[in-house]
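Bear in mind the structure is a predicted one, so any value in this text is a computation, not a measurement. Both counts, for ligands and for their atoms, begin at 1 and track the order of listing.
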Amino acid sequence: MRKALLSAVAAIGISISANAHDTLIHAGFILNPEDGSYTENQYILIDDGLISEIGNWAERPHEGVDQKIDLSDKYVLPGLLDAHVHLTGDSQVHGYKRLTRSVPRQAITGVRNARRTLDAGFTTVRNLGAAGYADIALRDAINDGDVPGPRILAAGPSLGITGGHCDNNLLPSEYKVKADGVADGPWALRAKVRENKKYGANLIKFCATGGVLSKGTDVGAQQFSYEEMKAIVDEAHLAGMKVAAHAHGAKGIETAIEAGVDSIEHSSFITDAGIAAAKRKGVYLSMDVYNSDYILSEGEKAGMLEESLAKERVVGKIQRESFRRAVRAGAKMAFGSDAAVYPHGQNGHQFAYMVKWGMTPLQSIQAATIHNADLFGLSETVGSIKPGKHADIIALEEDPLENIEIMQSVSFVMKGGDVHKD
Ligand code: ARG
């Protein structure tokens with residue numbers, strides 16, 4: 001903004017005295033998520049939405065700045081990343097209640113949830129599935145500055161088999177309901193990938209097994225043949241898009257890894273062989289270990305089917321044990337919460353669960369910063385506080401390496417140099 005303004009002013013021959021920098025932050029303790037070290041008493045300079053300089057506070061620049069921010073007693077972290085959200089979904093609206101929500105209504109729900117997500121310190125998210133390309137509209141509205149929200153990588157409609165987890169199976173056949181992303185057969189799926197790309201998707205999501213919250217699907221059963229998954233992945237990768245596969249059952253997980261996906265979502269029944277395959281192929285595991293508690297305590301009120309609650313009673317426990325095994329085995333772990341199942345804005349609750357189920361606090365923060373940045377293909381621009389990266393910065397009252405629960409109460413949020421919460 002500043003550069004554009006100054007050059008516009010220069011072009012019409014007016015000289016103005018302007019401050020040299022947009023923003024100067026005084027940071028108490030800056031976390032380096034690579035190694036868990038803190039640098040104390042630093043300054044961070046921000047220009048045009050990017051971090052331009054970091055250094056010792058005693059050597060801070062003394063020319064003018066437009067805005068000074070005092071975080072001198074705070075723990076300062078990069079903005080967080082969540083690899084799995086559904087911003088247009090509502091935690092109070094599950095099961096048959098969902099049939100009452102039009103796509104435009106879902107988009108408006110998304111506006112509310114985008115703000116809550118950013119409030120919680122999540123400055124970049126992958127939206128893994130939305131009807132009617134509502135997530136793409138939301139992403140674009142945020143980028144245009146119409147509404148506040150995180151940076152969004154949007155998948156558009158999730159791809160799935162007829163009658164699978166990514167279809168909508170709530171009504172009998174005479175209603176002719178079929179989710180947007182349903183297709184069967186490799187070429188039909190290639191066409192779906194091309195269609196999602198055409199309407200603005202950044203990545204592709206597909207369902208490789210049944211799920212908890214869908215009607216009539218078996219969490220253990222693979223969905224799509226290997227040929228179908230391979231067609232999706234090849235076509236997406238040709239178009240420069242990454243692929244996220246929803247998969248609970250072991251066979252679906254292994255087939256999706258073999259087909260070349262970039263992340264497995266949920267990963268509930270992953271075997272040791274599956275973990276080894278994920279490691280060999282560099283596939284990230286994104287495991288929503290907070291979800292189960294919410295589903296089992298609030299799900300019924302929110303309209304979840306009895307069938308879903310029954311499935312969850314099995315899936316939740318096993319998923320958490322699988323998480324522990326995957327962490328112990330050194331698998332690449334993403335931070336993916338599946339917000340929308342539970343209320344948006346509570347994304348940060350998952351850190352403590354990840355720690356409870358086997359990670360160190362630093363590992364859980366790495367998952368939501370540098371590792372997710374790598375999974376998103378955005379390592380150059382987000383995930384750590386470094387010159388040249390987006391000024392996506394959050395602050396905490398306490399040291400999260402000592403008290404991981406503080407990740408639930410982020411007190412300051414900046415995205416792209418703009419203060420969103422103070
Ligand atoms: N969207 C997922 C599904 O319906 C949610 C699974 C939540 N359960 C869990 N234990 N993570 O399958």
Side-chain angles (χ1 to χ4, degrees), residues 82-91 93-98 125-131 135 155 157-161 163-170 179 181 205-224 244-250 252-253 256 263-270 285-300 302-326 333-344 346-347 349-350 353-354 356-357 367:
D82 191 329
H84 190 144
V85 301
H86 299 274
L87 290 169
T88 59
D90 189 322
S91 64
V93 183
H94 287 290
Y96 281 91
K97 286 190 185 178
R98 290 183 62 180
V125 301
R126 296 197 311 178
N127 199 78
L128 295 190
D135 54 347
S158 302
L159 309 191
I161 64 165
H165 179 66
C166 285
D167 197 356
N168 181 337
N169 313 318
L170 292 166
K205 151 87 177 288
F206 76 84
C207 284
T209 70
V212 172
L213 299 179
S214 52
K215 186 176 170 208
T217 72
D218 173 354
V219 282
Q222 180 176 326
Q223 298 185 347
F224 284 134
H246 156 110
H248 291 287
I253 293 171
S263 68
I264 299 287
E265 306 300 314
H266 311 299
S267 320
S268 308
F269 302 128
I270 194 165
L285 304 180
S286 162
M287 301 179 70
D288 50 332
V289 289
Y290 171 53
N291 254 337
S292 197
D293 284 12
Y294 183 84
I295 294 174
L296 295 178
S297 64
E298 305 295 323
E300 196 180 341
M304 289 180 192
L305 308 172
E306 179 42 46
E307 166 195 337
S308 296
L309 303 177
K311 286 190 263 191
E312 186 54 47
R313 283 179 208 112
V314 179
V315 170
K317 278 192 216 129
I318 296 177
Q319 185 190 35
R320 289 164 175 186
E321 288 305 335
S322 300
F323 180 85
R324 193 193 287 287
R325 269 189 298 115
M333 303 300 286
F335 180 106
S337 71
D338 207 359
V341 172
Y342 71 86
H344 292 274
Q346 291 184 9
N347 313 56
H349 288 235
Q350 187 169 283
Y353 281 73
M354 293 168 96
K356 180 170 174 200
W357 294 96

Quick one: does Phe269's side chain get under 4.5 Å of Thr209's, heavy atoms only?
no
State plainly whether the residues Glu307 and Lys311 are in salt-bridge range, i.e. N to O under 4.0 Å.
yes
Just by distance, with hydrogens left out, do Arg126 and Ser286 show a side-chain donor and acceptor under 3.5 Å apart?
no
Would you find a donor on one side and an acceptor on the other, under 3.5 Å apart, between the side chain of Asp82 and the backbone of Val125?
no
Given a heavy-atom cut-off of 4.0 Å, could you list the residues near ligand 1 in chain and number order?
His165, Gly211, Val212, Leu213, His246, His248, His266, Asp288, Asn291, Ile295, Glu312, Val315, Gly316, Gln319, Asp338
Please list all pairs meeting salt bridge (Lys or Arg N to Asp or Glu O under 4.0 Å) that have one or both residues in residues 211-224, counting only residues at least two apart or in different chains.
none
Tyr290 and Gln346: side-chain donor and acceptor closer than 3.5 Å?
yes
